[in-house]
J.: 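To start, I am sharing the structure in question, which I have written as structure tokens.
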2 protein chains.
Amino acid sequence: MAKQSGGKSGVLEFAVLGLLHDSPMHGYELRKQLNSVLGSFRAISYGSLYPCLKRMLGQGMIREMGPADAGAPALSGRRSKIVYQLTADGKERFESLLAETGPETWDDERFDVHFAFFSQTDSDVRVRILQGRRSRMEERLASLKGAASKGAEKVDGYTAELARHGLDSTEREVRWLTELIEQEQLGGKKVGNKAG
Amino acid sequence: MAKQSGGKSGVLEFAVLGLLHDSPMHGYELRKQLNSVLGSFRAISYGSLYPCLKRMLGQGMIREMGPADAGAPALSGRRSKIVYQLTADGKERFESLLAETGPETWDDERFDVHFAFFSQTDSDVRVRILQGRRSRMEERLASLKGAASKGAEKVDGYTAELARHGLDSTEREVRWLTELIEQEQLGGKKVGNKAG
DNA sequence: TTCGTCATGTAATGGGTTACATGATTAC
DNA sequence: GTAATCATGTAACCCATTACATGACGAA
């Protein structure tokens, strides 16, 4: 009982934890950085971020560093900026999230966040997550193929075209993941250096 | 003021309207059909569908057809099934949603629904939506490219790889849309018949 | 002094998910 | 009879968005 309720559980929290693990930051800056972690585009709104920070503060994952305290880069003296820093508890929470390799980690958004912090994990963890994500995509592929063949009579050209396109991108995703897994197993961090 | 508030506005409503426009159905059946309209996979939950139907009923878009009333196919005598049917108001609402070509229609989920009902619109409408969607994807492309070049120093191999992959799929999406637009402008419904 | 950006927050709202509650019908 | 599936619905909860409220700082 009581799995975790709501939608995407703590994706935002995870991302914030990871960014603050890298370096202390204030909310406004955090929000700008978030889009590079949380999916390619998409910025989170303040109405979502600030309450999240408040919650994390209450749970002792983060702590406020007085603005005079400095230590972080790019802290030109603007105003009342509240700079947040990870506590030991927060660090621990982040590490434990990072180490997860279960089905939650194959979810779209969750996978992106894990991927963004991949260089901070062991190769085993990376491989397990990549394989899990791939099997998730293969399930999706199967369900798309099933739907395509079963309801073939009643669909018009556009529906068919959309299905074909969806199938295509999912297959591509699977191939991409397979490449990453292979590179991982060949023993390396040799990622991202394919001449382009 | 009061644009439309919340997240994805009436995507579910639109999809339900479209499915019921095709043929009367009860909730359980509706829910199964929904995944073919609303994105490739993803089924909506009852906790979302039934309240939506209730709301639509209250607004007079749909009406209950007594189970004995029949008329719809596949109505083997199960039980208390509440079969819903579009009212004139509902039909009108659906037509007016179908005719929209503004920025709302380029959104991910919204676009999928429009696409699913594409064969029920004019070619002009289709072209306008496809072009809008393409420009939306081109914006995304630009922002991805910007992020890739600007933050290139601080990203590790994995982040770069994710960005590269995102760029790739978005480019592919743009090409797909371009093909569809061209086929549309060549005068036809000739979609989905590319030997494969 | 006004405008744009930096900066932090809250309130109202919308819409989705899980888990629960209920019950009929069909197949074994 | 009992389990699976069909079928409808509610309650608690979570999380995100918009719009609003506030205010400092720098530049025109």
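Because only heavy atoms are used, hydrogens play no part in the values below, and waters and symmetry mates are left out as well, while side chains stay in. Residue numbers start from 1 in every chain, and the chains themselves are labelled A, B, ... in the order their sequence lines are given, proteins ahead of strands.
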J.: Heavy atoms from C-beta onward define the side chain here; which of D:dG9, C:dG9, C:dG16 lies closest to that of A:Tyr46?
T.: C:dG9
J.: With the threshold set at 4.0 Å, does a side-chain nitrogen-carboxylate oxygen contact exist between B:Arg93 and B:Glu13?
T.: yes
J.: Would you say B:Ser45 places a side-chain N or O within less than 4.0 Å of OP1 or OP2 belonging to C:dG16?
T.: no
J.: When you look at CD of A:Glu171, are more than 12 heavy atoms from neighbouring residues, nucleotides or ligands closer to it than 6.0 Å?
T.: yes
J.: Phosphate oxygens OP1/OP2 of C:dT10: is one of them under 4.0 Å from a side-chain N or O of A:Lys54?
T.: yes
J.: Whole Å only: how far is the NE2 atom of B:His26 from the C1' atom of C:dT25?
T.: 13 Å
J.: Atom OH of B:Tyr28 to atom P of D:dC6: distance rounded to whole Å?
T.: 4 Å
J.: Using atom CD1 of B:Ile44 as one end and atom P of C:dT17 as the other, report the distance to the nearest whole Å.
T.: 5 Å
J.: Could you give the OH-to-P distance, from A:Tyr84 to C:dA7, as a whole number of Å?
T.: 13 Å
J.: Touch check for A:Gly27, heavy atoms < 4.0 angstrom, all strands: base, sugar-phosphate only, or nothing?
T.: sugar-phosphate
J.: Whole-Å distance between C:dA7 C1' and A:Tyr50 OH?
T.: 5 Å
J.: Expected output check: what is the dot-bracket annotation of DNA chain C, where ( ) and [ ] are pairs inside the strand (brackets for crossing ones), | is paired with another strand, and pairs are Watson-Crick or G-U under 3.5 Å?
T.: ||||||||||||||||||||||||||||
J.: Among the candidates C:dT8, D:dT8, D:dT10, find the nucleotide nearest to the side-chain atoms of B:Ile82.
T.: D:dT8
J.: Would B:Arg126 and B:Asp122 pass as an ion pair if we require N to O under 4.0 Å?
T.: no
J.: Using whole Å, report how far CG of A:Leu57 lies from C1' of C:dT8.
T.: 14 Å
J.: Kindly write out the residues that satisfy ring-ring contact (aromatic ring centres under 6.0 Å, His included) with B:Phe94, not counting sequence neighbours, or none if the list is empty.
T.: B:Phe14, B:His21, B:Phe117
J.: Is it true that B:Glu100 and B:Thr105 share a donor-acceptor pair across their side chains at a distance under 3.5 Å?
T.: no
J.: A:Leu57 and A:Leu17: same hydrophobic cluster, using ILVMFWY side-chain contacts below 4.5 Å?
T.: yes
J.: Does a nitrogen or oxygen in the side chain of A:Lys81 sit under 4.0 Å from OP1 or OP2 of D:dA24?
T.: no
J.: Using whole Å, what does the distance between atom P of nucleotide C:dG14 and atom CZ of B:Phe14 come to?
T.: 20 Å
J.: Just the rounded figure in Å: distance from C1' of C:dT8 to NZ of A:Lys32.
T.: 15 Å
J.: Taking the inter-plane angle between the rings of A:Phe115 and A:Phe118 on a 0 to 90° scale, is it parallel (under 30°), tilted (30 to 60°) or perpendicular (over 60°)?
T.: parallel
